[in-house]
Amino acid sequence: MTNTTHCIIRRAQLGDLEGIYMLLEELEGDVLNFGDFKHCYLANLENSHIIYLVAIDVHDKLLGFISCHAQFLLHHAGKVFEIQELIVNKPQRGRKIGQQLLDGLENILKDEQYTSFEVTANKKRKKAREFYLKNKFIETHHKFTRPQ
């Protein structure tokens, strides 16, 4: 049986910057330029088309993060929401925190008008793929990336 850590899901704040930075370095498996990261984070906190949510415990410890961007895409003739990042602190994985973050995001989106809700997961993240399929996402596209 999987343990569940009940957590508080709330909008990310300025004070979450360093914790989210560490989570995303873990997700990417790389060192990110903190100055560039901070610039993006601060700009995105102010952007009404970007949703940042965090999962915290009762002691305000950061357990996970999800980000979602809204775009108005011509080929959908409407608004599309796409999850950009979803990560749970490694020691907390398997405790339904990712599910709570996704549920929190879906709760925000329930009052939105949109044509599609999407996510792209790196091929190496097999558990992420399973998670999204379990949550009614359907594989419909291939994503191609060209390195700079």
Side-chain angles (χ1 to χ4, degrees), residues 2-30 32 36-145:
T2 302
N3 291 331
T4 300
T5 298
H6 296 286
C7 49
I8 299 161
I9 305 300
R10 63 163 170 75
R11 296 252 182 188
Q13 303 166 356
L14 179 59
D16 299 316
L17 170 71
E18 290 183 21
I20 292 170
Y21 172 77
M22 291 188 301
L23 282 174
L24 289 173
E25 279 193 329
E26 180 183 327
L27 178 68
E28 293 302 315
D30 198 4
L32 303 172
D36 292 344
F37 180 89
K38 182 177 180 180
H39 175 77
C40 292
Y41 183 78
L42 295 176
N44 289 346
L45 277 182
E46 300 298 319
N47 187 328
S48 65
H49 296 294
I50 296 176
I51 301 165
Y52 284 170
L53 299 178
V54 293
I56 58 169
D57 67 12
V58 294
H59 305 290
D60 208 31
K61 180 182 176 195
L62 184 67
L63 305 175
F65 170 72
I66 190 170
S67 71
C68 183
H69 296 200
Q71 302 174 75
F72 295 89
L73 299 179
L74 297 176
H75 67 280
H76 284 286
K79 189 189 292 186
V80 174
F81 285 96
E82 183 176 4
I83 295 170
Q84 299 295 315
E85 296 109 357
L86 171 56
I87 185 164
V88 173
N89 194 353
K90 202 173 225 173
Q92 298 294 328
R93 291 183 187 158
R95 297 177 177 261
K96 306 286 186 196
I97 295 168
Q99 186 66 58
Q100 292 175 71
L101 282 162
L102 181 60
D103 291 346
L105 177 60
E106 288 179 327
N107 189 48
I108 290 171
L109 298 183
K110 75 178 190 288
D111 295 327
E112 292 283 341
Q113 297 293 318
Y114 59 91
T115 59
S116 185
F117 182 33
E118 303 176 349
V119 64
T120 301
N122 191 303
K123 287 184 177 185
K124 68 183 177 187
R125 297 189 181 112
K126 292 181 181 7
K127 288 188 178 188
R129 181 182 177 275
E130 293 169 9
F131 174 81
Y132 292 119
L133 289 171
K134 181 181 135 195
N135 281 281
K136 301 178 184 159
F137 287 87
I138 301 165
E139 288 184 273
T140 60
H141 295 72
H142 294 282
K143 182 172 185 168
F144 300 92
T145 303

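The model shown is predicted, which means the values in this text are computed figures rather than measured ones. Below, each value reflects all heavy atoms present in this structure, side chains not excepted, and no hydrogens, waters or symmetry copies.
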Distance, nearest 0.5 Å, that separates [atom1] of [X] from [atom2] of [Y]:
X: L24; Y: Q84; atom1: CG; atom2: CD; value: 11.0 Å
X: L102; Y: Q100; atom1: CG; atom2: CD; value: 11.0 Å
X: I9; Y: I97; atom1: CD1; atom2: CD1; value: 8.0 Å
X: I66; Y: L53; atom1: CD1; atom2: CG; value: 6.5 Å
X: M22; Y: F37; atom1: CE; atom2: CZ; value: 10.5 Å
X: L45; Y: L17; atom1: CG; atom2: CG; value: 8.5 Å

Would you say that [X] contacts [Y] through its side chain, given a criterion of any heavy-atom pair below 4.5 Å between the two side chains?
X: Q99; Y: N135; result: yes
X: F65; Y: D16; result: no
X: E118; Y: T140; result: no
X: E106; Y: F117; result: yes
X: T115; Y: V80; result: yes
X: N89; Y: K61; result: yes

Measure from the side-chain N and O atoms of R125 to the backbone N and O of L27, and report whether any donor-acceptor pair falls under 3.5 Å. yes
Has Y21 got a side-chain atom pairing as donor or acceptor with L32's backbone, closer than 3.5 angstrom?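 Yes; judged by distance alone, with no hydrogens or angles, the pair exists.
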Under the side chain to side chain donor-acceptor pair (under 3.5 Å) definition, can you give me all pairs with a residue in residues 44-57, not counting sequence neighbours? N44-Y52
Between F137 and F131, does the ring centre distance come in under 6.0 Å?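 Ring-ring flag for F137/F131: false, centres at least 6.0 Å apart.
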Any carboxylate oxygen within less than 4.0 angstrom of a Lys/Arg side-chain nitrogen, looking at D103 and K96? no
Does this structure show an ion pair linking E26 with K90, if we count only N-O contacts that are shorter than 4.0 Å?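 K90 and E26: not salt-bridged.
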According to side-chain hydrogen bond (donor to acceptor under 3.5 Å, both in side chains), who are the partners of Q13, at least two apart in sequence or on a separate chain?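 Result, side-chain hydrogen bond (donor to acceptor under 3.5 Å, both in side chains) vs Q13: none returned.
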Go through it in stages, so that I can follow the logic: the residues are I83 and Y132, the test is side-chain contact (heavy atoms from CB on, under 4.5 Å), and I'd like the CA-CA distance, side-chain angles, deciding distance and then a yes or no. CA-CA 11 Å; I83 295 170; Y132 292 119; 4.1 Å; yes
More than 12 heavy atoms of other residues, nucleotides or ligands under 6.0 Å from CD of E18: is that the case? no
Taking atom NE2 of H39 as the centre, does the number of heavy atoms from other residues, nucleotides or ligands within less than 6.0 Å exceed 12?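 No, NE2 of H39 has 12 or fewer neighbouring heavy atoms, counting only those of other groups under 6.0 Å.
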Closest approach of [X] and [Y], non-hydrogen atoms and distance?
X: C7; Y: L63; answer: CB-CD1, 3.9 Å
X: R93; Y: V88; answer: NE-O, 2.9 Å
X: L101; Y: A55; answer: CD2-N, 3.7 Å

